[in-house]
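Read through the structure below, which is laid out as structure tokens, and then see the notes.
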There are 2 protein chains.
Amino acid sequence: MAPHNVRWGIMATGWIASVFVKDLLRDPNVRGVSDVSHTVVAVASSSSKSRAEDFISDTGIPTPCAAYGSYEDLVADPNVDVVYVATPHSHHFQNVMLAFEATKHVLCEKAFTVNAAQAKILCETAKKKNLFLMEAVWTRYFPLSVQIRGLIQNGTIGEVLRVLADNSFGDDIEERWGTSHRMVNKDLAGGALLDLGIYSLTWVFQTLYHTLPRESRKPPSRISSHMSLYHLTGADEATSILLTFPTSTPSNFPHPGESQAVAMTHLRVSTNADDKPIQPSIRIQGTKGEIQVYGPAFRPERYRVVLKGDGEAREVECPFPGEGKGMYWEADEVARCLRDGKLESDSLPWEESIVIMEVMDEVRRQGGLTYPKNIESTVYPTPL
Amino acid sequence: MAPHNVRWGIMATGWIASVFVKDLLRDPNVRGVSDVSHTVVAVASSSSKSRAEDFISDTGIPTPCAAYGSYEDLVADPNVDVVYVATPHSHHFQNVMLAFEATKHVLCEKAFTVNAAQAKILCETAKKKNLFLMEAVWTRYFPLSVQIRGLIQNGTIGEVLRVLADNSFGDDIEERWGTSHRMVNKDLAGGALLDLGIYSLTWVFQTLYHTLPRESRKPPSRISSHMSLYHLTGADEATSILLTFPTSTPSNFPHPGESQAVAMTHLRVSTNADDKPIQPSIRIQGTKGEIQVYGPAFRPERYRVVLKGDGEAREVECPFPGEGKGMYWEADEVARCLRDGKLESDSLPWEESIVIMEVMDEVRRQGGLTYPKNIESTVYPTPL
């Protein structure tokens with residue numbers, strides 16, 4: 001049977017869009033996938049058509065591929081099945097709504113939106129309009145993540161009671177990011193939490209929340225966090241979050257158990273000080289042992305299963321086939337969902353994206369981090 | 001010049017007392033110490049004189065060494081210069097006060113007291129009576145700790161902005177501790193925080209607070225914590241603490257900096273799942289690199305200095321000479337303080353012990369962990 005092909009429209013032409021597109025263009029067979037395939041049929045830059053044309057040639061997208069100088073034109077293209085939203089997260093709410101107005105399905109980069117209220121409206125709108133919507137948390141679709149979720153569910157490391165997750169880059173941020181870059185610019189919803197901390201939270205949620213049967217998943221009963229704000233812009237440069245979940249997983253405890261998590265992100269100190277993945281960025285700690293995940297939290301390549309007792313740790317390498325960056329797996333998920341008529345992905349349901357946004361709302365509230373009104377707005381359209 | 005000899009009286013005959021006494025009996029020359037020496041002149045058990053006699057013979061204390069069946073008799077012994085209080089921490093306040101009544105100097109095991117109010121009274125009483133008092137946080141006196149504090153002060157790893165410290169033992173706590181053991185018994189101020197978490201806090205304080213000049217040290221500006229309580233007794237089985245310090249260290253930042261810390265302890269999951277010190281229990285993260293400390297937080301034996309860039313990590317082994325357990329170094333500190341007429345140790349001043357107790361008070365308040373009135377009491381004497 002021919003693979004189910006999906007026709008992508010790419011919204012924005014920045015770095016992340018080029019990484020995604022290059023992965024879309026790789027032969028699915030190389031990663032052992034034959035049931036779905038991808039075509040890039042259109043690219044839009046909000047600044048100019050020529051920028052979209054340059055993107056098409058730079059990334060090597062085969063012709064025909066339409067180039068647009070506005071997002072309105074992109075979403076109106078009848079050849080586009082699904083729009084990949086790769087704009088700054090300050091703009092996601094407006095951009096996704098634009099695609100929905102044109103009845104296009106959407107894969108939207110993380111952080112999903114600026115706040116949970118925006119995320120809820122997007123999900124409600126998708127449901128109302130019968131459109132597919134997924135937050136592009138690529139890490140969730142890695143075979144590594146799928147395997148680890150399975151190990152937890154199988155009880156390999158016993159009852160999981162603590163997760164430590166860090167996604168920190170040590171930079172001289174005055175030198176590296178200045179004040180106007182997306183990473184630290186509050187007008188673009190900048191700061192460590194929404195850009196990097198989302199991955200730490202992803203690991204916490206995919207291990208302590210998502211591994212439970214859907215009806216047993218419960219949001220954190222307690223959220224405590226400390227933010228340190230960047231002196232030049234007021235965006236968060238360091239955020240540490242404590243979470244307590246009212247259940248443990250896989251819930252085989254003979255008595256009620258809760259689990260704790262620490263999710264961290266920092267712009268000035270590193271998960272790995274020497275840029276070698278010697279320390280795990282994620283530790284998933286259970287009563288029988290631990291899973292340690294190596295490499296940056298957004299793109300780990302290796303994990304170890306360390307069981308209590310004498311046994312040697314089992315080490316599993318999870319390479320990215322075909323020199324890919326790992327974004328093709330989330331694209332495959334989108335294609336399968338579209339093929340199967342699903343509106344949301346089981347690996348990251350809307351409800352879970354919203355709960356995570358609610359956690360980030362609360363963390364920002366505790367840290368005193370607010371963004372400009374227009375990017376927090378739930379009114380569509382609002383000019384940004 | 002002959003070494004300054006100190007005559008010790010040992011209050012209590014439990015496991016920690018025997019470890020301490022065996023270290024006292026080791027030849028100081030083996031650890032390169034020739035300015036002080038130790039003699040154990042008396043041992044007391046609160047239950048019976050014969051228990052004290054057994055302790056003396058079991059630990060190999062040379063005669064003459066007095067054996068007492070009551071703490072009152074011990075503190076009254078005119079041969080005793082300093083009393084080592086090795087009772088459960090629920091009893092420290094009463095026991096130290098007893099020694100002070102008899103005008104004896106005191107080295108008191110950690111946790112110092114049950115709450116900060118008790119600690120303050122002990123320090124005030126020591127000052128008033130011109131007596132030496134020190135919390136027996138042995139880890140602080142290890143050459144490893146001294147070296148690491150020096151590295152931080154020298155700016156080797158740049159500005160220290162985050163410290164992660166964990167002291168967790170993974171046990172089946174129903175099986176291992178039951179309900180009456182000191183570790184989980186609220187009548188004895190049991191729980192992970194006061195028994196194990198104190199070491200995580202020790203690392204946080206000795207790296208982020210103590211490394212600053214005394215006049216620059218500031219208590220945490222924010223304390224947030226989550227406790228999970230043991231279902232059988234209500235003592236804490238897992239405690240995670242976020243701390244923000246209003247300064248960073250060594251304070252060379254061109255702008256005001258704050259530092260964050262995560263201090264953790266857990267009775268059901270382990271710092272090292274396979275009991276091999278593969279993961280550091282403490283990570284001290286600065287803008288130029290990181291110090292990783294290996295081995296349990298209370299008794300680490302090795303550290304690595306990992307600098308950003310290409311260089312290889314520098315690894316330093318810190319063995320315990322003469323088959324010691326490492327408690328002799330704190331005993332040497334006591335001897336030097338007594339020799340020099342000091343009432344408190346510069347390596348752990350009273351003020352710092354009190355600040356740490358205040359943090360633990362706040363963590364218990366947030367976690368809803370209270371102890372019985374009599375062991376929280378600041379009245380002396382109160383029968384326990």
Side-chain angles (χ1 to χ4, degrees), chain A residues 157-162 164 166 168 170-172 174 222 224-228 231-232 237-244 254-262 264 266 268-276 278-280 283 285-290 292 304 306-313 366, chain B residues 157-162 164 166 168 170-172 174 222 224-228 231-232 237-244 254-262 264 266 268-276 278-280 283 285-290 292 304 306-313 366:
Chain A
I157 56 167
E159 205 66 17
V160 180
L161 297 179
R162 193 169 66 180
L164 314 177
D166 182 40
S168 297
D171 284 318
D172 178 337
E174 287 82 1
R222 277 172 285 166
S224 303
S225 55
H226 289 189
M227 269 187 170
S228 298
H231 65 111
L232 294 179
E237 65 176 44
T239 298
S240 301
I241 310 169
L242 289 184
L243 299 163
T244 295
H255 54 78
E258 54 184 28
S259 48
Q260 297 189 357
V262 184
M264 293 171 280
H266 210 297
R268 294 190 191 269
V269 302
S270 304
T271 304
N272 276 288
D274 53 359
D275 298 326
K276 294 169 203 152
I278 292 174
Q279 303 305 326
R283 299 180 63 179
Q285 302 181 307
T287 51
K288 291 184 185 170
E290 173 172 336
Q292 301 169 337
R304 294 171 80 230
V306 186
L307 298 180
K308 284 186 188 176
D310 291 333
E312 279 299 294
Q366 293 180 4
Chain B
I157 56 168
E159 204 66 16
V160 180
L161 297 179
R162 194 170 65 182
L164 315 176
D166 182 40
S168 296
D171 283 318
D172 179 337
E174 287 81 1
R222 279 173 283 165
S224 302
S225 55
H226 289 189
M227 270 187 170
S228 298
H231 65 111
L232 294 180
E237 66 177 43
T239 298
S240 302
I241 310 169
L242 289 184
L243 299 163
T244 295
H255 54 79
E258 55 184 28
S259 47
Q260 297 188 356
V262 184
M264 295 171 280
H266 210 297
R268 294 191 192 269
V269 302
S270 302
T271 305
N272 276 286
D274 53 0
D275 298 326
K276 294 169 203 154
I278 291 174
Q279 301 306 326
R283 298 179 65 179
Q285 302 180 307
T287 50
K288 292 185 185 169
E290 174 172 336
Q292 301 169 337
R304 294 171 81 230
V306 186
L307 298 181
K308 285 188 187 174
D310 292 332
E312 280 298 295
Q366 293 180 5

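Convention: sequence-line order gives letters A, B, ...; per-chain numbering from 1.
Contact annotation for B/V306: both backbone and side-chain heavy atoms come within less than 4.5 Å of a heavy atom of chain A. A/D172 does not touch chain B: none of its heavy atoms, backbone or side chain, sits under 4.5 Å away. The contact between A/E174 and chain B is made entirely by side chain atoms (from C-beta outward), counting heavy-atom distances below 4.5 Å. Interface remark: A/H226 contributes backbone and side-chain atoms alike to the contact with chain B (heavy atom separation under 4.5 Å). For a residue to count as touching a neighbouring chain, one of its non-hydrogen atoms must lie under 4.5 Å from one of that chain's; by this rule A/I157 does not touch chain B. If you measure heavy-atom distances from A/Q292 to chain B, the contacts under 4.5 Å come from the side chain alone.
For the salt bridge (charged side-chain N to carboxylate O under 4.0 Å, His left out) test, no residue two or more places apart in sequence or in another chain qualifies with A/D274. Remark: B/R283 pairs with B/E290 by the salt bridge (charged side-chain N to carboxylate O under 4.0 Å, His left out) rule, at least two apart or across chains.
Between chain B and the options A/K288, A/E237, A/M227, A/E159, heavy-atom pairs under 4.5 Å are most frequent for A/M227. Ranked by heavy-atom pairs under 4.5 Å with chain B, the first of A/I278, A/D171, A/T271, A/V160 is A/T271. Comparing B/P280, B/G289, B/P256 by heavy-atom pairs within less than 4.5 Å of chain A, the highest count is held by B/P280. In terms of non-hydrogen atom pairs under 4.5 Å with chain A, the most contact-rich of B/Q279, B/E258, B/Q285 is B/Q279.
When each of A/T244, A/L242, A/L243 is paired with A/Q260, the side-chain contact (heavy atoms from CB on, under 4.5 Å) condition holds for A/T244 and for no other. Residue B/V262 forms a side-chain contact (heavy atoms from CB on, under 4.5 Å) with just one option from A/I241, A/V262, A/L164, A/D166, and that option is A/V262.
A donor and an acceptor atom, one from each side chain of B/S225 and B/Q366, are located under 3.5 Å apart. Side chain to side chain, B/R162 and A/S168 meet the donor-acceptor criterion of an N or O pair below 3.5 Å.
Taking each heavy atom of A/K308 and B/S270 in turn, the nearest pair found is CE-OG, 3.8 Å.
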